[in-house]
> 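Sending over a structure as structure tokens; questions will come in a sec.
Order of the sequence lines sets the chain letters (A, B, ...), proteins ahead of strands, with each chain counted from 1.
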There are 2 protein chains.
Amino acid sequence: MPRPGRRREAPHYPDTADIDLLDVLHALADPTRMTIVRTLSVEPERACGTFPVDVAPSTLSHHFKVLREAGVIRHREEANRRLTMLRAADLEERFPGLLSTVVAAYRGEAVEKVAGGGEVREG
Amino acid sequence: MPRPGRRREAPHYPDTADIDLLDVLHALADPTRMTIVRTLSVEPERACGTFPVDVAPSTLSHHFKVLREAGVIRHREEANRRLTMLRAADLEERFPGLLSTVVAAYRGEAVEKVAGGGEVREG
DNA sequence: TATCAATTTCGACGTTCGTAGAACATCGTA
DNA sequence: TACGATGTTCTACGAACGTCGAAATTGATA
């Protein structure tokens, strides 16, 4: 009996206190996922299909799952789309300075290695 | 014709400018390797076989290789042992604040997940 | 109601990873 | 020279990973 109001199963998010550092580091250690995070660090929220990455939708969905279960992102339902945003405040509470430091480090990286190579305005 | 003065091949270290963020994050996203790094953050250098981890020597050697090629550690030959130290200054130059932030975050983590569980004095 | 657009789930495939045992190399010492 | 201590390399193996296509689901729209 599928419940209405949610797209399939409601995703499971770890509590802030349960966010694991190694899970976060592993989630960030991938060019596609890092591109997602960097994009969200500039834009507060964004629809799943609009990220500047060059992978199949199913692959992208997989990366969202990794980031979600690591506690890095959260989704918000809107119509038939799902908006993604960073759990920046939660991460800041759990691991102070971590997210901003990592994102800042990635800003300086060469972009050629990023999946898709599509650049996003760095505001 | 084996050359004297060095234990086998001289390890290859990336230049500071060539250290890749994703490689570093991947290297740190493992309990055994994170334990090595945390230990070195308290003690400046340490012989390879003396880390509080519970893996076979060959496995440990593999982890050192990952950390070395990511640019996180450096070795120093001494007699028939090899001392390991962090490339803290290089990492600070390449990715300011990254190493200290990550290590600080790991300090607060539960230790049960650490390979071997052997605790080290946290000074 | 049929259809489209957005996204997830499932199954499959090839690659990388963490692990350990066996063999080897090097240094210090008996 | 022989031996023990210290690490590394090689090989192998199961698990996890990144990738995709096909199918399914949901909300909006025709």
> May I ask you to verify if any side-chain N or O of A:S58 is less than 4.0 angstrom from the OP1 or OP2 atom of D:dC20?
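It does not, given that no N or O in the side chain of A:S58 lies less than 4.0 Å from OP1 or OP2 of D:dC20.
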> Can you see if the side chain of B:R81 gets near the phosphate of D:dA5 - specifically, an N or O under 4.0 Å from OP1 or OP2?
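For D:dA5, neither OP1 nor OP2 has a side-chain N or O of B:R81 closer than 4.0 Å.
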> OP1 or OP2 of C:dG18 less than 4.0 angstrom from a side-chain nitrogen or oxygen of B:R33, does that happen here?
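So the side chain of B:R33 is within the cut-off, an N or O lying under 4.0 Å from OP1 or OP2 of C:dG18.
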> Whole-Å distance between C:dT15 P and A:D30 CG?
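From A:D30 CG to C:dT15 P: 18 Å.
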> Which whole-number value in Å describes the distance from B:I36 CD1 to D:dG7 P?
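Nearest whole value for this atom pair: 12 Å.
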> State whether B:T59 places a side-chain N or O below 4.0 Å from either non-bridging phosphate oxygen (OP1 or OP2) of C:dT19.
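The answer is no; no side-chain N or O of B:T59 sits under 4.0 Å from OP1 or OP2.
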> Atom pairs, N/O to N/O, protein against nucleotides 28-30 of chain D, distance under 3.5 Å?
none

> Would you kindly give the CG-to-C1' distance between B:L67 and C:dC17, to the nearest whole Å?
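Distance check: B:L67 CG to C:dC17 C1' gives 14 Å.
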> Can you list the residues that meet the side-chain hydrogen bond (donor to acceptor under 3.5 Å, both in side chains) rule with B:E69, with sequence neighbours excluded?
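Partners of B:E69 under the side-chain hydrogen bond (donor to acceptor under 3.5 Å, both in side chains) test: none.
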> Could you check how far CG of A:L22 sits from P of C:dG18, rounded to whole Å?
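Taking CG of A:L22 and P of C:dG18, I get 11 Å after rounding.
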> Could you state the interatomic distance from OG1 (B:T101) to CZ (A:F95), rounded to the nearest 0.5 Å?
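Here the rounded value is 12.0 Å.
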> So does A:H63 get a side-chain nitrogen or oxygen closer than 4.0 Å to the phosphate oxygens (OP1/OP2) of D:dC17?
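A:H63 to D:dC17 OP1/OP2: no side-chain N or O under 4.0 Å.
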> For B:E92, enumerate each residue passing the salt bridge (charged side-chain N to carboxylate O under 4.0 Å, His left out) test, keeping only those at least two apart in sequence or located in another chain.
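Here no residue qualifies.
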> Measure from NE2 on A:H26 to P on C:dC17 and round the result to the nearest Å.
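Interatomic distance, NE2 of A:H26 to P of C:dC17: 10 Å.
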> Please pick, from C:dT19, C:dT8, D:dT8, the nucleotide with the shortest atom-to-atom distance to any side-chain atom of A:S61.
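My answer, after comparing the listed nucleotides, is C:dT8.
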> Mind calculating the distance between CZ (B:F64) and P (D:dT9) to the nearest angstrom?
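Answer to the nearest Å: 13 Å.
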> So, OP1 or OP2 of D:dC20: does either fall under 4.0 Å of a side-chain N or O from A:H62?
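It does not, given that no N or O in the side chain of A:H62 lies less than 4.0 Å from OP1 or OP2 of D:dC20.
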> Could you give all pairs that pass the side chain to side chain donor-acceptor pair (under 3.5 Å) test and reach residues 57-66 of chain B, with sequence neighbours left out?
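Qualifying pairs, neighbours excluded: B:R33-B:H63.
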> Got a sec, which residues hit salt bridge (charged side-chain N to carboxylate O under 4.0 Å, His left out) with B:R74, two or more places apart in sequence or on another chain?
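Partners of B:R74 by the salt bridge (charged side-chain N to carboxylate O under 4.0 Å, His left out) criterion, ordered by chain and then number, come out as B:D90.
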> Roughly how many Å is it from CD in A:E77 to P in C:dT7, rounded to a whole number?
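In whole Å, C:dT7 P lies 10 Å from A:E77 CD.
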> Please check if the side chain of B:R94 supplies one atom and the backbone of B:A17 the other of a donor-acceptor pair under 3.5 Å.
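Such a contact is found between B:R94 side chain and B:A17 backbone.
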> Rounded to the Å, how far apart are B:L83 CG and C:dC27 C1'?
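Taking atom C1' of C:dC27 as the reference, CG of B:L83 is at 14 Å.
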> Going by the rule side-chain hydrogen bond (donor to acceptor under 3.5 Å, both in side chains), which residues pair with B:T84 if we only count those two or more places apart in sequence or in a different chain?
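Checked B:T84 against side-chain hydrogen bond (donor to acceptor under 3.5 Å, both in side chains); matches are B:H75.
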> Of all the choices, D:dC20, D:dT8, C:dT8, which nucleotide is nearest to the side chain of B:H75 once you look at every atom?
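Side chain of B:H75 sits closest to D:dT8.
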